[in-house]
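Notes for the one structure printed next.
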Amino acid sequence: MTKGTAANAEARALLAEYTRATTQHNALERAVRRLEEKDEAKTARIEKLERESTEQKTQLAIFRPALQISLSISSRIMETRRRDLGQGSESSFIVAGNQAAHILNIEITCEAIETFGKHHPWAEGFEEAFGCTYATALALLSCPVWVEIMNLRARMVTDNTRSETKKIEDRSLVQQMDRITCELMALSTNEAGHGSMNIYEHGVTEVKEDSVFRIGSGSKLITAYLFLIEVGMKYWGHPITDFVPELAAAARNCSASPDPVDCTDWSEITLGALASHMAGIRNDYSTPTELLLQAATLPGSALVAPQLPTSAIPPCGYNFTNACSEKQYTNGLAAEHPIYAPSTTPVYSNAGYEVLGFALENTTGRSYPEMLQKDLFDKLRMKASSYYVPKDLTNAVMPGGPVKSYFTADLGGETPAGGLFSSQADMIKLGQSILTAALLSPTTIRQWMKPVTFTSNLNQAVGMPWEIWRDTSTDHVIDIYTKQGDLFAYSSLFVLIPDFNVGFVVLAVGTDTTDTVEYLSDTIIATIIPALEDTAREQAHGVYAGTYRSTNSSQGSNMTLTTNPGEPGMVVKSWFSGGINLLPILSGIFLPTPGAVDVRLYPTNLVQQLSPSKQRISYRMMTRALAEVSDGGEFSSDCEQWAMTNSRTYGNVGIDEVVFEVEDGKAVSVSPRALRSVYLRVA
């Protein structure tokens, strides 16, 4: 290949990259525009945040399973970014590339936030809500295509081997590239727009991706993950009395058989019920409210309640200076009244996860901290994460100091439920390991990431311990797997969206951080779901869309696939076998009343790796009537496709089974398996 030909090929590749980036950018812009019309509920939440004190540190990162980014931005682009944010040379940009995500931690003033809000209406209100009183670390919507273009741009600018003619062409391309931007989400980071971020006397003065937070009930997710790593799912159906002797004795001493009102039926509570909050036991044993209520019973108090005997007062736990031993905790918990009969309805329970930690230790004969460190943190290189309070607090995020922030509070045996320490970078590694099934089999991951029960919210389900939200903003359901955590001044939210292999993490500390984390996460979801939909559709179109034809042209057998904007799946635009149109035939096979049909292909998670660059990927056809209209009844509006999959066969092979052969990221053939045919891609 001549140098000129190679240069042309590179220029075409750059133009292709530019086109892809523009498409992705436009998708993000459309997503942002959708947020311009705020509903009354969100406005009310902003007003609530404005009324409350909000001295906070918040950290956010969006990640994908195996995204490695090394980004260098030229000084000219840096200056442009500073001007865009209205900040001049005082802005400090930290560009961080890691295995997990493209993270930008950016320091900007309140004035810069106001400037940013004018261009991004959905960001309005953040400067008031957060008060611009403290640092908020920030990450952006991941734009790997834009990053790659910037790398290509840098190579073009510094390549002195290219001809003068090509350099002129390069400069034209560079000018186009410089107009590509990435949607950026910014929050306040400087106190009243002045000086540095050093307003805390203890711990970090600048939040970074390895800064240490307490993650509260995010610990439950790690405990469930560790349980699966150590012993798998085989014990989920076993009763807790098989693993914790104190609870076995409690089941004998206070039997639920004659008295289910006062006695918890521990022999019917399984490990899986504890992990999914279905045990019917109380939230906790020996909480801080015990101390408050005892004080309220003193003479002169407003509360009319009897003085408690010493035997009725929890001897440990509630003031975080004398953590309960396993025996104290289980004996105290066993003496409490049940909330519901086991497996009735979800009742959030910290106690369930403390007991689950005891069960794991008794099952393996090892301590929870040892297993956590060696089998999870060390394997994933989660260097900032720990069971115990870090010995070195210089990297800790603790407003007001270690005591006031409760950073050093001792939760004792309740640590598996809500006391672990971690960082943004480490939580990203945790999420990546789940998305890639790095420590468990893919089947175990899929079994784990399923709902167990539902709440009264029609869009919320509960798993082990997943808090699962169903996004219905598109024409199909997207399940969002989350775990939220709160511990005193700390709030966290861990999110995975398996449909797109994407997740994000928000860590916060300060006043009323729960509202901040939830509002910020709402905004992220509303922004990225449409963009991810568009990107996934574009990628699928590039891999599969086209016309496939039988190698025997005389047979008249072919299939044409495409995608439709705003709709899921690969659309079977046409399908002929031996010159016969098969779509009307599918209508007669799969539908009770034949008519015009919509036929789409959906992935099955069945992939055979033939070589590093070649795969066989299985899809299934879903057929529905174009005129399908539901009358809204519970039964008549049932989604029947799930029951029809592989229900029609030919020679014991499903008529809906389709297998692609993909090479170097492009489908080269498709096989409708029931016809025992292979069609080669021709366009």
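Positions are given from 1 along the sequence. What you see below is based on every heavy atom in this structure, not just the backbone, and it leaves out hydrogens, waters and symmetry mates.
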Quiz item: Yes or no on side-chain contact (heavy atoms from CB on, under 4.5 Å) for Met382 and Leu430, after CA distance, side-chain angles and deciding distance?
Solution: CA-CA 8 Å; Met382 296 171 64; Leu430 184 82; 4.2 Å; yes
Self-check item: Derivation and outcome, side-chain contact (heavy atoms from CB on, under 4.5 Å), residues Thr514 and Gln484
Solution: CA-CA 9 Å; Thr514 300; Gln484 191 167 357; 3.8 Å; yes
Quiz item: Which is it for Tyr329 and Asp284 under the side-chain hydrogen bond (donor to acceptor under 3.5 Å, both in side chains) test, yes or no, and what are the steps along the way?
Solution: CA-CA 10 Å; Tyr329 194 92; Asp284 216 334; 2.8 Å; yes
Exercise. Step by step, work out the side-chain contact (heavy atoms from CB on, under 4.5 Å) result for Val452 and Trp466.
Key: CA-CA 9 Å; Val452 173; Trp466 298 106; over 6 Å; no
Self-check item: Residue pair Asp375, Leu439: steps toward the side-chain contact (heavy atoms from CB on, under 4.5 Å) verdict
Solution: CA-CA 9 Å; Asp375 299 338; Leu439 300 180; over 6 Å; no
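At a threshold of 4.5 Å between non-hydrogen side-chain atoms, the residues Leu420 and Leu372 count as touching. With contacts defined as side-chain heavy-atom distances shorter than 4.5 Å, the pair Leu411/Leu487 qualifies. You'll find the side chain of Ser492 stays beyond 4.5 Å of the side chain of Phe213, heavy atoms only. Proximity of Val347 to Arg282: side-chain heavy atoms (C-beta onward) are nowhere separated by under 4.5 Å. Two residues are said to be in side-chain contact when any heavy atoms from C-beta on lie closer than 4.5 Å; Phe500 and Leu435 fail this criterion. Put simply, the side chain of Met233 reaches to within 4.5 Å of the side chain of Leu228, judged on heavy atoms. Proximity of Leu507 to Ser422: side-chain heavy atoms (C-beta onward) are nowhere separated by under 4.5 Å. Between Trp236 and Phe227, the closest side-chain pair of non-hydrogen atoms falls below 4.5 Å.
Scanning all heavy atoms of the two residues, the minimum distance from Leu271 to Tyr235 falls at CD1-O, 3.5 Å. Taking every heavy atom of both residues into account, Gly413 and Tyr387 meet most closely at CA-OH, 4.5 Å. Closest approach of Ala351 and Leu333 over heavy atoms only: CB-CD1, 3.8 Å. When all heavy atoms of Gly218 and Lys483 are compared, the closest pair comes out as CA-CG, 4.0 Å. When every heavy atom of Val462 is checked against every heavy atom of Ile468, the shortest pair comes out as C-CD1, 4.3 Å. Contact detail for Thr264 and His337: the closest heavy-atom pair is OG1-C, 4.2 Å.
Using modelled atom types, one finds no donor on one side chain facing an acceptor on the other under 3.5 Å when comparing Tyr353 with Ser217. Under the 3.5 Å distance criterion, with hydrogens and angles disregarded, no donor-acceptor pair is assigned to the side chains of Glu467 and His277. Between Asn457 and Thr455, the side chains place no donor N or O within less than 3.5 Å of an acceptor N or O (distance only, hydrogens not considered). Side chains of Asp410 and Tyr388: a donor-acceptor N/O pair is absent below 3.5 angstrom, by distance only.
To the nearest 0.5 Å, atom CZ of residue Arg252 and atom OG of residue Ser267 are 10.5 Å apart. Separation of atoms CG (Asp471) and CD1 (Ile480) is listed at 4.5 Å; rounding is to 0.5 Å. Rounding to the nearest 0.5 angstrom, the gap separating the CZ atom in Phe243 from the OG1 atom in Thr363 is 4.5 Å. Taken from CG in Asp210 to OG in Ser385, the straight-line distance is 11.0 Å, to the nearest 0.5 Å. The OG1 atom of Thr649 sits 9.5 Å away from the CG atom of Asp656 when rounded to the nearest 0.5 Å. A distance of 12.0 Å separates CG of Leu226 from OG of Ser219, quoted to the nearest 0.5 Å.
Side-chain atoms of Asp426 come within 3.5 Å of backbone atoms of Ala384 as a donor-acceptor pair (strictly under, hydrogens ignored). Formation of a donor-acceptor pair under 3.5 Å by the Ser211 side chain with backbone atoms of Val397 is not found in this model. A donor-acceptor pair under 3.5 Å links the side-chain atoms of Thr408 to the main chain of Pro402, judged by distance alone. Between the side chain of Arg600 and the main chain of Pro568, a donor-acceptor pair closer than 3.5 Å is present. A donor-acceptor pair is defined here as one N or O able to donate and one able to accept, closer than 3.5 Å; such a pair exists between the side chain of Lys450 and the backbone of Arg446. Listed for the Tyr481 side chain is a donor-acceptor partner under 3.5 Å among the backbone atoms of Met449. At least one donor-acceptor pair under 3.5 Å links the side chain of Trp448 to the backbone N or O of Met464. At distances below 3.5 Å, not a single donor-acceptor pair connects side-chain atoms of Arg214 with backbone N or O atoms of Phe488.
In this structure, Arg470 places its CZ atom where only 12 or fewer heavy-atom neighbours from other residues, nucleotides or ligands lie under 6.0 Å away. Atom NZ of Lys374 is surrounded by 12 or fewer heavy atoms from other residues, nucleotides or ligands within 6.0 Å.
By the 4.0 Å N-to-carboxylate-O rule, Arg366 lies too far from Glu361 to be salt-bridged with it.
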